[in-house]
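Everything below concerns the one structure shown next.
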Amino acid sequence: MQKRWQFFIILAVLALTLYNILPTVFYYSKPLKKPIGETEALAAGKSILNRVNSLEEASCDWLGAYLKELGQPALSLKSTDGAQLELTFDTIQKANLVKKYLPRAANLVPFAPAKFSLQKAADPKTILLKREIPLRFEAQKPQNYFHYASKFQINGQPTDFYRQIVFDRAANLASAGS
């Protein structure tokens, strides 16, 4: 014999299940085979450029926090050209202390592209750090770095550009295997 409250619990569970599943159903009901246009592709490229460029600022923030934790604030902390970070201290002793501990701390940075390594500097009060990704993009011009091309022509045949990319990657795979 079912009790009345069991029926309401079953209805509540069904309602919650539908409430949780319906957004997923609506999301996946969108056409998945719709080709990506040039606008969407360049927007994705711009997002990639912005994320890569943000690594430079994140490295500076990490170094500032590390120096604060070490108790040795730098006089200046700047990025020279996107490839290097420059730390300047008021005394050689502070610079030497940071040089002593920085390589080990830099190895603890979990994200490999955000890592950096020590470089030789002419001034003993200055520390140069080479970034793992030594570049800075012009994020406002993604077309300088990314090229949009359709995969297929109107008649359904692969475009020459796409065919060239596939052959190039196949050649790379073939040469890597030997």
Side-chain angles (χ1 to χ4, degrees), residues 20 23-24 27-28 30 32 35-149 151 161-162 164-178:
N20 287 317
T24 306
Y27 177 79
Y28 286 112
K30 296 177 185 173
L32 296 177
I36 295 174
E38 185 172 6
T39 308
E40 294 95 352
L42 289 177
K46 189 173 181 179
S47 170
I48 291 168
L49 297 178
N50 286 329
R51 284 185 293 172
V52 171
N53 285 345
S54 73
L55 290 174
E56 183 177 355
E57 185 180 332
S59 294
C60 289
D61 292 344
W62 185 92
L63 277 170
Y66 177 71
L67 294 174
K68 184 178 178 184
E69 187 68 31
L70 202 56
Q72 305 297 328
L75 287 177
S76 72
L77 166 60
K78 62 182 178 180
S79 176
T80 55
D81 58 355
Q84 288 185 334
L85 302 171
E86 184 179 295
L87 299 165
T88 306
F89 295 91
D90 54 354
T91 65
I92 296 173
Q93 290 79 15
K94 286 183 180 181
N96 287 338
L97 181 71
V98 172
K99 280 181 194 175
K100 179 180 176 183
Y101 293 114
L102 191 61
R104 184 166 181 198
N107 282 335
L108 295 175
V109 173
F111 188 50
K115 291 187 178 206
F116 42 84
S117 58
L118 283 173
Q119 299 291 303
K120 291 249 183 207
D123 182 13
K125 294 181 185 179
T126 301
I127 297 175
L128 289 178
L129 300 167
K130 180 182 177 239
R131 295 181 56 228
E132 190 68 30
I133 297 183
L135 46 91
R136 184 184 302 144
F137 292 113
E138 291 179 61
Q140 302 307 320
K141 299 179 181 176
Q143 62 273 14
N144 291 351
Y145 309 102
F146 298 101
H147 300 283
Y148 175 78
K151 188 173 178 180
F161 185 71
Y162 178 71
Q164 180 184 358
I165 290 172
V166 169
F167 290 150
D168 185 47
R169 289 190 182 166
N172 283 340
L173 287 173
S175 66
S178 55

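- Contacts of Lys115 classified as side chain to side chain donor-acceptor pair (under 3.5 Å), with partners at least two apart in sequence or in another chain: none.
- Put simply, the side chain of Arg169 reaches to within 4.5 Å of the side chain of Ile165, judged on heavy atoms.
- The shortest heavy-atom contact between Cys60 and Leu85 is SG-CD2, 3.7 Å.
- For residues 92-101, the set of pairs meeting the salt bridge (charged side-chain N to carboxylate O under 4.0 Å, His left out) definition, not counting sequence neighbours, comprises Asp90-Lys94.
- In this structure, the ring-ring contact (aromatic ring centres under 6.0 Å, His included) partners of Tyr145, at least two apart in sequence or on a different chain, are Phe137.
- Under the salt bridge (Lys or Arg N to Asp or Glu O under 4.0 Å) criterion, Asp123 pairs with no residue at all, not counting sequence neighbours.
- Not counting sequence neighbours, the partners of Ser79 by the side chain to side chain donor-acceptor pair (under 3.5 Å) test are Glu56, Arg136.
- The NZ atom of Lys78 sits 11.0 Å away from the CG atom of Leu87 when rounded to the nearest 0.5 Å.
- Here Gln72 pairs with nothing under the side chain to side chain donor-acceptor pair (under 3.5 Å) rule; sequence neighbours left out.
- Listed by chain and number, the residues in a salt bridge (Lys or Arg N to Asp or Glu O under 4.0 Å) with Lys141 are Glu138 (sequence neighbours excluded).
- Considering only heavy atoms from C-beta on, Leu75 stays 4.5 Å or farther from Lys125 through its side chain.
- Shown here are the salt bridge (Lys or Arg N to Asp or Glu O under 4.0 Å) partners of Arg51, two or more places apart in sequence or in another chain: there are none.
- Counting only residues at least two apart or on different chains, the ring pair (Phe, Tyr, Trp, His ring centres under 6.0 Å) pairs with a member in residues 73-129 are Trp62-Phe116.
- Distance check: Leu128 CG to Thr88 OG1 gives 8.5 Å after rounding to the nearest 0.5 Å.
- Note on residues 60-72: no pairs pass salt bridge (charged side-chain N to carboxylate O under 4.0 Å, His left out), not counting sequence neighbours.
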Next on the checklist: With side-chain contact (heavy atoms from CB on, under 4.5 Å) as the criterion, how do Leu129 and Leu118 come out once you've worked through the C-alpha distance, each side chain's angles and the decisive distance to 0.1 Å?
Outcome noted: CA-CA 5 Å; Leu129 300 167; Leu118 283 173; 3.4 Å; yes
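- When the salt bridge (Lys or Arg N to Asp or Glu O under 4.0 Å) test is applied to Lys130, no partner is found at least two apart in sequence or on another chain.
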Checklist entry - Run the side-chain contact (heavy atoms from CB on, under 4.5 Å) check on Leu102 and Leu63 step by step: do they pass? => result CA-CA 9 Å; Leu102 191 61; Leu63 277 170; 3.9 Å; yes
Next on the checklist: Pair Val109, Glu132 - check side-chain contact (heavy atoms from CB on, under 4.5 Å), show working.
Outcome noted: CA-CA 11 Å; Val109 173; Glu132 190 68 30; over 6 Å; no
List the atom pairs, donor and acceptor, that lie under 3.5 Å between side-chain atoms in residues 35-50 and the rest of the protein, sequence neighbours left out.
residue, atom, partner, partner atom, Å
Glu40, OE1, Gly37, N, 2.8
Lys46, NZ, Gln140, OE1, 3.4
Asn50, ND2, Lys46, O, 3.3

